[in-house]
Amino acid sequence: MNIAYFLHPKGQVAFLYDDYTFRQGLEKMKHHGYTAIPVISRTGQYVGTVSEGNFLWQLVQEENEVSHTMKELEQLQVRDILDPSAYPSVRITVTMDELLDSATKQNFIPVVDDSGSFIGIVTRKDIIRYFAEEHSK
(Lines give C-alpha, C1' and ligand atoms only; values in the text may rest on other atoms or scores of the structure.)
Protein backbone atom coordinates (compact mmCIF):
# COMPACT_ATOMS: atom_id res chain seq x y z
CA MET A 1 0.00 0.00 0.00
CA ASN A 2 1.17 3.52 -0.79
CA ILE A 3 1.65 5.61 2.35
CA ALA A 4 0.36 8.69 0.54
CA TYR A 5 -3.08 7.35 1.46
CA PHE A 6 -2.26 7.98 5.16
CA LEU A 7 -0.39 11.24 4.68
CA HIS A 8 -1.54 14.31 6.58
CA PRO A 9 -0.17 16.95 4.17
CA LYS A 10 2.04 19.82 5.28
CA GLY A 11 -0.79 22.32 4.82
CA GLN A 12 -2.83 20.51 7.47
CA VAL A 13 0.00 19.92 9.94
CA ALA A 14 1.34 22.32 12.57
CA PHE A 15 5.09 22.80 12.32
CA LEU A 16 7.76 25.20 13.49
CA TYR A 17 10.41 26.95 11.49
CA ASP A 18 13.90 26.30 12.77
CA ASP A 19 14.57 30.04 13.14
CA TYR A 20 11.63 30.59 15.50
CA THR A 21 12.70 31.77 18.92
CA PHE A 22 12.44 29.47 21.91
CA ARG A 23 9.40 31.44 23.04
CA GLN A 24 7.65 31.34 19.64
CA GLY A 25 8.14 27.58 19.45
CA LEU A 26 6.87 26.98 22.95
CA GLU A 27 3.83 29.20 22.39
CA LYS A 28 2.89 27.42 19.16
CA MET A 29 3.23 24.00 20.80
CA LYS A 30 1.08 25.16 23.69
CA HIS A 31 -1.53 26.60 21.33
CA HIS A 32 -1.88 23.31 19.45
CA GLY A 33 -1.53 21.13 22.56
CA TYR A 34 1.13 18.89 21.03
CA THR A 35 3.94 17.13 22.86
CA ALA A 36 6.14 17.08 19.74
CA ILE A 37 6.07 19.06 16.50
CA PRO A 38 8.04 18.90 13.22
CA VAL A 39 10.64 21.58 12.51
CA ILE A 40 11.45 22.73 8.99
CA SER A 41 13.77 25.28 7.44
CA ARG A 42 12.45 28.31 5.58
CA THR A 43 13.25 26.42 2.35
CA GLY A 44 10.95 23.57 3.42
CA GLN A 45 13.61 21.02 4.38
CA TYR A 46 12.80 18.75 7.32
CA VAL A 47 15.23 19.63 10.14
CA GLY A 48 13.92 17.48 12.98
CA THR A 49 11.21 17.34 15.59
CA VAL A 50 11.18 19.26 18.83
CA SER A 51 9.43 17.94 21.93
CA GLU A 52 8.27 19.31 25.25
CA GLY A 53 11.31 17.60 26.72
CA ASN A 54 13.65 19.63 24.51
CA PHE A 55 12.12 22.82 25.90
CA LEU A 56 12.09 21.54 29.47
CA TRP A 57 15.70 20.37 29.51
CA GLN A 58 16.78 23.68 28.04
CA LEU A 59 15.09 25.47 30.94
CA VAL A 60 16.36 23.27 33.74
CA GLN A 61 19.87 22.12 34.49
CA GLU A 62 21.08 19.74 37.18
CA GLU A 63 19.59 20.19 40.65
CA ASN A 64 16.56 22.00 39.12
CA GLU A 65 18.48 25.21 38.54
CA VAL A 66 17.11 27.55 35.90
CA SER A 67 19.72 27.56 33.16
CA HIS A 68 18.72 30.72 31.26
CA THR A 69 17.19 34.08 31.95
CA MET A 70 14.13 35.10 29.93
CA LYS A 71 16.32 37.49 27.95
CA GLU A 72 18.71 34.66 27.05
CA LEU A 73 15.76 32.50 25.95
CA GLU A 74 14.76 35.18 23.44
CA GLN A 75 18.13 34.62 21.74
CA LEU A 76 17.71 30.83 21.48
CA GLN A 77 16.19 29.43 18.33
CA VAL A 78 14.28 26.19 17.95
CA ARG A 79 17.18 24.73 15.93
CA ASP A 80 19.39 25.20 19.02
CA ILE A 81 17.34 22.86 21.21
CA LEU A 82 16.21 20.02 18.97
CA ASP A 83 17.81 16.61 18.73
CA PRO A 84 18.17 15.94 14.99
CA SER A 85 18.37 12.18 15.55
CA ALA A 86 14.93 12.03 17.22
CA TYR A 87 11.94 11.43 14.95
CA PRO A 88 13.81 10.45 11.78
CA SER A 89 11.88 11.10 8.59
CA VAL A 90 10.95 8.59 5.91
CA ARG A 91 10.53 8.95 2.18
CA ILE A 92 7.12 8.69 0.58
CA THR A 93 8.23 5.38 -0.99
CA VAL A 94 8.69 3.60 2.36
CA THR A 95 6.88 0.30 2.86
CA MET A 96 4.10 -0.17 5.42
CA ASP A 97 6.30 -2.58 7.40
CA GLU A 98 9.07 0.02 7.61
CA LEU A 99 6.49 2.61 8.61
CA LEU A 100 5.23 0.30 11.36
CA ASP A 101 8.78 -0.10 12.65
CA SER A 102 9.14 3.70 12.86
CA ALA A 103 5.77 3.97 14.63
CA THR A 104 7.01 1.76 17.44
CA LYS A 105 9.48 4.50 18.35
CA GLN A 106 7.55 7.72 17.66
CA ASN A 107 3.93 8.88 17.67
CA PHE A 108 4.11 10.35 14.18
CA ILE A 109 6.46 9.89 11.28
CA PRO A 110 7.63 12.91 9.26
CA VAL A 111 7.53 12.25 5.51
CA VAL A 112 9.87 13.90 3.01
CA ASP A 113 10.21 13.83 -0.75
CA ASP A 114 13.37 12.79 -2.60
CA SER A 115 14.98 16.20 -1.99
CA GLY A 116 14.34 16.10 1.78
CA SER A 117 11.48 18.60 1.70
CA PHE A 118 8.84 18.08 4.36
CA ILE A 119 5.55 16.98 2.81
CA GLY A 120 3.58 15.87 5.87
CA ILE A 121 3.22 13.25 8.57
CA VAL A 122 1.73 9.82 9.08
CA THR A 123 0.33 9.22 12.56
CA ARG A 124 0.80 6.12 14.65
CA LYS A 125 -2.99 5.93 15.00
CA ASP A 126 -3.45 5.62 11.22
CA ILE A 127 -0.80 2.90 11.00
CA ILE A 128 -2.32 0.88 13.84
CA ARG A 129 -5.77 1.24 12.28
CA TYR A 130 -4.43 -0.03 8.92
CA PHE A 131 -2.79 -3.12 10.43
CA ALA A 132 -5.83 -3.82 12.63
CA GLU A 133 -8.10 -3.75 9.57
CA GLU A 134 -5.71 -5.96 7.62
CA HIS A 135 -5.58 -8.44 10.49
CA SER A 136 -9.37 -8.60 10.79
CA LYS A 137 -9.83 -9.54 7.10
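Just so you know, these numbers come straight off a predicted model, no measurement behind them.
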message: As a quick check of understanding, evaluate side-chain contact (heavy atoms from CB on, under 4.5 Å) for Glu52 and Leu26, giving each step before the final call.
response: CA-CA 8 Å; Glu52 289 176 326; Leu26 195 55; over 6 Å; no

Are a donor atom and an acceptor atom from the side chains of [X] and [Y] found within less than 3.5 Å of each other?
| X | Y | value |
| --- | --- | --- |
| Tyr87 | Asn107 | yes |
| Ser117 | Gln45 | yes |
| Thr95 | Asp97 | no |

Distance, nearest 0.5 Å, that separates [atom1] of [X] from [atom2] of [Y]:
| X | Y | atom1 | atom2 | value |
| --- | --- | --- | --- | --- |
| Phe22 | Asn54 | CZ | CG | 9.5 Å |
| Tyr20 | Ile40 | OH | CD1 | 8.5 Å |
| Asp101 | Met96 | CG | CE | 12.5 Å |
| Ile119 | Tyr46 | CD1 | OH | 13.0 Å |
| Leu99 | Ile3 | CG | CD1 | 5.0 Å |
| Ile109 | Leu100 | CD1 | CG | 8.5 Å |

Residue pair [X] / [Y], side-chain heavy-atom distance below 4.5 Å:
| X | Y | result |
| --- | --- | --- |
| Phe118 | Pro38 | yes |
| Val122 | Ile127 | yes |
| Val90 | Glu98 | no |

- prompt: Under the salt bridge (Lys or Arg N to Asp or Glu O under 4.0 Å) criterion, do Asp19 and Arg79 qualify, and how do the steps go?
  reply: CA-CA 7 Å; Asp19 63 355; Arg79 72 170 66 102; 5.0 Å; no

So, for [X] and [Y], which heavy atoms are closest and what is the spacing to 0.1 Å?
| X | Y | result |
| --- | --- | --- |
| Asp18 | Gln77 | O-CB, 3.8 Å |
| Ser85 | Pro88 | O-CD, 3.7 Å |
| Thr21 | Val78 | O-CG2, 3.8 Å |
| Ser51 | Met29 | C-CE, 4.1 Å |
| Thr49 | Ala36 | CG2-CB, 3.9 Å |

Verify, without hydrogens or angle tests, whether [X] (side chain) and [Y] (backbone) share a donor-acceptor contact under 3.5 angstrom.
| X | Y | result |
| --- | --- | --- |
| Lys28 | Leu16 | no |
| Gln58 | Phe55 | no |
| Gln106 | Phe108 | yes |
| Arg124 | Ala103 | yes |

- prompt: Parallel, tilted or perpendicular: which describes the rings of Tyr34 and His32, with under 30° parallel and over 60° perpendicular?
  reply: parallel

message: Does Lys30, at its NZ atom, have more than 12 non-hydrogen atoms belonging to other residues, nucleotides or ligands within less than 6.0 Å?
response: no

message: Show, in sequence, the C-alpha distance, side-chain angles and deciding distance for Ile121 and Leu7, and conclude whether the side-chain contact (heavy atoms from CB on, under 4.5 Å) test is met.
response: CA-CA 6 Å; Ile121 65 169; Leu7 187 71; 5.9 Å; no

query: Are Ile37 and Leu56 connected in the hydrophobic side-chain network, where two residues link if heavy atoms are under 4.5 Å apart?
result: yes

- request: Output yes when Arg23 and Glu27 qualify as a salt bridge under the 4.0 Å nitrogen-oxygen rule, no when they do not.
  value: yes

field: Sequence-distant partners of Thr104, side chain to side chain donor-acceptor pair (under 3.5 Å), two or more places apart
entry: none

task: Apply side-chain contact (heavy atoms from CB on, under 4.5 Å) to Asp114 and Arg91, showing your working.
output: CA-CA 7 Å; Asp114 289 339; Arg91 290 219 164 107; 3.4 Å; yes

